[in-house]
Protein chains: 2
Amino acid sequence: MRPNFDQPDPRLDLMLERVIDVPRELVWMAWTTPKHVKQWFTPAPWTTVDCEIDLRPGGIFRTVMRSPEGQDFPNVGCYLEVVKYERLVWTDALEPGYRPTHRPPSCGISHLTAVITLEAHGKGTKYTALAIHKDEEGRRKHEEMGFHEGWGMVLDQMVAYIKTW
Amino acid sequence: MRPNFDQPDPRLDLMLERVIDVPRELVWMAWTTPKHVKQWFTPAPWTTVDCEIDLRPGGIFRTVMRSPEGQDFPNVGCYLEVVKYERLVWTDALEPGYRPTHRPPSCGISHLTAVITLEAHGKGTKYTALAIHKDEEGRRKHEEMGFHEGWGMVLDQMVAYIKTW
C-alpha cells in the first residue's frame with residue numbers, strides 16, 4: 001500500500017474513520033452504482049442530480065451536485081484503483097483516460113485524490129475516507145469548508161439509505 | 001483499454017510508433033531499472049544523472065536530466081499502471097501516492113501522462129509511446145519542442161544500449 005494511505009500526512013491530508021453497521025459489500029455498491037450514488041452523495045439540502053461511473057482504472061467518475069437555489073456543480077474525476085469491496089481511489093487532477101485536467105478544482109478548493117477503504121468489522125464495516133491535497137492551503141481550505149461535517153453527514157445518509165434496501 | 005490509448009486524439013495527444021529489433025522483455029527492463037534508464041533516457045548531449053523507481057501504481061518515477069551546461073532538471077511522476085512486458089503508464093500531474101502535484105510541469109510545457117505499450121513483433125517489439133496532454137496548447141508546445149525527434153532519438157539510444165547487453 002502507498003505510505004500515505006496508511007499514514008496520512010496531517011499537514012496535507014484529511015481523514016474520516018468510522019465503524020458503521022452495514023456490510024462492506026453494500027457500501028461498495030452504494031459507492032459504485034450511479035442510481036445509488038444519487039441518493040446519498042451530497043449533504044442535504046443539496047442533491048446529486050447526475051452520476052456517471054466507468055468502474056476501472058482510467059474510467060470516469062462524474063457527478064453533478066445541485067444547490068438548494070438550483071445551481072449545478074459538475075465534478076469530473078478519474079478512477080485510479082478499483083479493488084472490489086476493499087478500496088476505491090480516484091482523483092479530479094486527471095480526466096478520464098488519465099488526461100491531466102484543464103478544469104479548476106471542484107468548489108475552487110484544491111484538486112484532490114480520494115481513497116475509500118473498507119474493512120470487515122464484525123457484521124459491519126470499518127470505513128475510512130482519505131482526502132489527499134496538493135498542499136497545506138488545499139488541506140486547510142477543505143477543512144474550513146467543513147470536510148469532517150460534510151463527509152460525516154453523507155456517510156450517515158449512505159448508511160440510512162442502505163438500510164432501506 | 002482506455003479509449004484514448006487505442007485511438008489518440010490528434011488535437012491533444014502525440015504518438016510515436018515503431019518496430020524495433022530487440023525483444024520487449026529487454027525494453028521493459030530498460031524502462032524500469034534506474035541504472036538502465038540513466039544510460040539512454042535523455043537525448044545526448046543531455047544526460048540523466050539520477051533516477052528513482054518504485055514500480056507499482058502510486059509509486060515514484062523520478063529522473064534528473066542535466067543540460068550540457070550542467071544545469072539539472074528534476075522530474076517527478078507517479079506510476080498509474082504497471083503491466084509487466086506490456087504497458088507502463090505514469091503522469092507528472094500526480095506526485096507519488098497519487099497526490100495532485102504542486103509543481104509546474106516539466107520543461108514548462110504541460111503536465112502529461114505517458115503510456116508505453118510493448119507488443120511482441122517477431123523477434124522484436126512493436127513499440128508505442130503516447131503522450132497525453134491536458135489541452136491543445138500543451139500538445140502543440142510539446143510538438144514544437146521536438147516530441148518526435150526527441151522521443152525517437154532516445155528510442156534509438158535505448159535500442160543501441162540494449163544491444164550492448
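Quick note on labels: first sequence line is chain A, next is B, and so on, each numbered from 1.
B/I116 and B/L80 are not part of a single hydrophobic cluster, where members link through side-chain heavy atoms under 4.5 Å apart. Taking hydrophobic clusters as Ile, Leu, Val, Met, Phe, Trp and Tyr residues chained together by side-chain heavy-atom distances below 4.5 Å, B/Y161 does not share a cluster with B/V49. In this structure, A/Y85 is not a member of the same hydrophobic cluster as A/L130, with clusters built from ILVMFWY side-chain heavy atoms closer than 4.5 Å. A/V22 and A/L88 fall within a single hydrophobic cluster, where Ile, Leu, Val, Met, Phe, Trp and Tyr are joined by side-chain heavy atoms under 4.5 Å apart, directly or via other members.
By number of non-hydrogen pairs under 4.5 angstrom with chain B, the leading residue of A/H102, A/H133, A/E95 is A/H133. Looking only at heavy-atom pairs under 4.5 Å with chain B, the residue among A/D135, A/D92, A/L94, A/V115 that has the most is A/L94.
For a residue to count as touching a neighbouring chain, one of its non-hydrogen atoms must lie under 4.5 Å from one of that chain's; by this rule A/T113 touches chain B with backbone and side chain alike.
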Margin query: Could you go through A/R99 and B/D9, starting from their C-alpha distance and side-chain angles, then the distance that decides it, and tell me whether this counts as salt bridge (Lys or Arg N to Asp or Glu O under 4.0 Å)?
Written below: CA-CA 11 Å; A/R99 186 179 303 286; B/D9 182 333; 5.1 Å; no
Next item on the list: Please assess A/Y98 against B/V89 for the test side-chain contact (heavy atoms from CB on, under 4.5 Å), listing each intermediate value before the final yes or no.
Entry: CA-CA 9 Å; A/Y98 304 125; B/V89 185; 4.0 Å; yes
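Of all heavy-atom pairs spanning A/K134 and B/P100, the tightest one is CB-O, 3.0 Å.
Taking a 6.0 Å sphere around NE2 of A/H121, one finds it holds 12 or fewer heavy atoms contributed by other residues, nucleotides or ligands.
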